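See below for the structure under consideration.
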Amino acid sequence: MEEAERLQKLPTYIFAKQDKLKAEARKRGMDLIDLGLGSPDIPPPQEVIDEMILALKDPANHRYPPFDGSHEFKQAVVNWVKKQYNVHVSEEEVVALIGSKEGLVHLQFAYINPGDSILVPMPAYPAHFRGTILAGGEPIVLPTTERTGYIPNLKIIDEAIARRAKMLILSYPTNPTGATATKEFFEEAIAFAKKYDLILLHDFAYAELYFDGQKPISILSLPGAKDVAIEFHTMSKTFGMAGWRCGFAIGNAKYVESLRKIKTSLDYGLFAAVQKASIKALTLTNDYMDRMRATYQKRRDLVVEGLNELGWNIQKPKGAMYVWFPIPRGFNSYDWMIHLMEKTGVVITPGIAFGELGEGYARISLIEKEDKLKEVFARMKKAGIKYG
Ligand SMILES: *Cc1c(COP(=O)(O)O)cnc(C)c1O
């Protein structure tokens with residue numbers, strides 16, 4: 001049987017392909033240091049784990065939860081986004097998600113008809129354009145480069161293309177580049193979305209993962225944003241809860257409602273025990289996050305300095321948990337990933353995983369402790385890996 005076109009049209013998911021390569025290498029006895037996935041290694045706050053254990057002991061939590069999140073969960077979100085980002089939403093403007101990836105993709109299913117298009121800056125987090133393709137739509141790439149700080153130039157987008165598009169997807173701090181956006185850019189994006197009647201989807205996965213004390217802003221903190229914008233948040237990165245599958249979307253009531261509507265046909269909501277534990281996380285002080293940021297920042301510095309010692313000349317990223325860097329000449333990013341793995345056992349993500357404009361680059365995830373990261377550079381030095 002042939003798969004549906006929506007699957008046939010999907011580019012290979014490099015992360016799945018890489019999983020196989022890693023398993024094979026381990027079978028051959030290779031000692032891998034895996035800096036491929038964006039999966040935080042810092043465990044959630046102990047209070048959250050304790051709350052989860054308590055919640056698991058309560059039989060009520062094992063039943064189907066309310067579809068779009070409990071009153072208490074949504075209230076915790078309302079308070080959290082007010083406290084952290086100066087964003088004012090009501091409970092109706094909140095929906096609980098089984099991880100934000102789920103929500104990002106389902107919102108596209110809720111609005112994209114076959115043949116519709118969306119605007120997406122590239123390099124991009126794969127779900128941003130893969131969701132559109134799955135829904136039968138077409139991602140229109142807004143090229144971004146290091147020179148422009150990975151911010152797309154909205155002024156040069158063809159009017160006809162902008163008018164035909166249904167959605168603009170942004171995400172700052174950005175995975176994989178670590179770029180952040182200014183208030184002015186967000187204001188321009190809001191005006192652009194209003195002018196061309198676009199849904200402005202902001203993926204704020206790295207809301208709390210920023211460096212040098214430069215806290216990124218929520219697009220919903222800007223005037224008029226709620227007319228067009230829906231913003232996605234995740235417990236995965238903020239509280240090291242990636243395996244728990246918990247996130248939420250906030251913002252424009254209509255878009256939140258559509259997400260609710262499509263989800264009622266697809267899932268039964270977020271595990272009540274996970275909601276309880278997440279409420280705990282959202283009501284803690286910022287100490288955990290301060291420590292987490294300090295840890296990632298030290299790793300960032302170590303990796304950037306390590307690469308620069310080997311001939312690179314890269315700047316420190318401002319947010320997220322990655323270092324994005326050009327690969328040596330003579331390779332494409334996929335081949336260099338394999339070359340590096342074979343020579344050193346170090347696994348990185350080839351830039352092509354983030355769309356065609358990621359070619360020529362690679363991403364290191366800052367998901368190992370400092371001594372492991374030091375070993376990465378010792379291995380690279382020994383193997384003669386350098387930039388040029
Ligand atoms: C990690 C990440 C997510 C989080 O996905 P969850 O499904 O919430 O775990 C979303 N967007 C981006 C850009 C990410 O890097």
Side-chain angles (χ1 to χ4, degrees), residues 13-16 35-44 48 69 73 77 80 94-109 118 120-132 134 139 144 150 167-181 200-210 216 218-219 230-251 259 263 266-267 269-271 274-275 277-278 281-282 292 296 300 317-324 348-349 351 353-355 358 363-367:
Y13 194 51
I14 303 279
F15 295 98
L35 306 177
L37 277 180
S39 186
D41 65 310
I42 302 171
V48 175
F73 177 83
V77 167
W80 165 263
V94 177
V95 57
L97 300 171
I98 307 174
S100 60
K101 183 180 184 182
E102 174 259 297
L104 290 167
V105 173
H106 284 148
L107 186 73
Q108 300 186 53
F109 270 93
I118 63 135
V120 60
M122 221 172 250
Y125 176 64
H128 294 164
F129 55 89
R130 297 174 77 87
T132 305
L134 277 176
T144 69
Y150 295 105
M167 203 180 279
L168 168 63
I169 300 188
L170 298 176
S171 181
Y172 293 97
T174 305
N175 173 8
T177 62
T180 53
L200 206 175
L201 186 166
H202 185 233
D203 179 355
F204 204 21
Y206 298 97
E208 296 294 340
L209 251 170
Y210 57 88
S218 159
I219 201 162
I230 177 167
E231 188 169 74
F232 289 78
H233 293 244
T234 176
M235 306 298 282
S236 299
K237 311 292 159 57
T238 302
F239 294 102
M241 293 165 67
W244 298 47
R245 311 310 305 131
C246 178
F248 51 90
I250 56 173
L259 203 42
K263 280 172 60 57
L266 289 161
D267 65 58
L270 177 59
F271 183 18
V274 170
Q275 291 193 50
S278 298
L282 294 172
M292 170 188 74
Y296 283 120
R300 172 200 70 164
K318 295 179 181 140
M321 45 188 284
Y322 312 101
V323 172
W324 179 248
I348 51 92
T349 308
F354 308 98
R363 186 192 79 174
I364 283 181
S365 295
L366 303 172
I367 51 168

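We count ligands from 1, going down the list as the structure has it; atoms in each ligand are counted the same way. Nothing here was measured: the structure is a model prediction, and the numbers come from that model.
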For ligand 1, the residues whose heavy atoms come within less than 4.0 Å (ordered by chain, then number): G99, S100, K101, Y125, N175, D203, A205, Y206, T234, S236, K237, R245
Under the salt bridge (charged side-chain N to carboxylate O under 4.0 Å, His left out) test, residues paired with E231 that sit two or more places apart: none
Parallel, tilted or perpendicular: rings of F204 and H202 (30°, 60°): tilted
Under 3.5 Å donor-acceptor, T349 side chain and G36 backbone: yes
Closest approach of S171 to H128 (non-hydrogen atoms, all atoms of both residues): CB-CE1, 3.6 Å
Close aromatic pair by centroid cut-off 6.0 Å: W244 and F239: no
Gap between atom NZ of K101 and atom CG of D203 - 0.5 Å precision: 11.5 Å
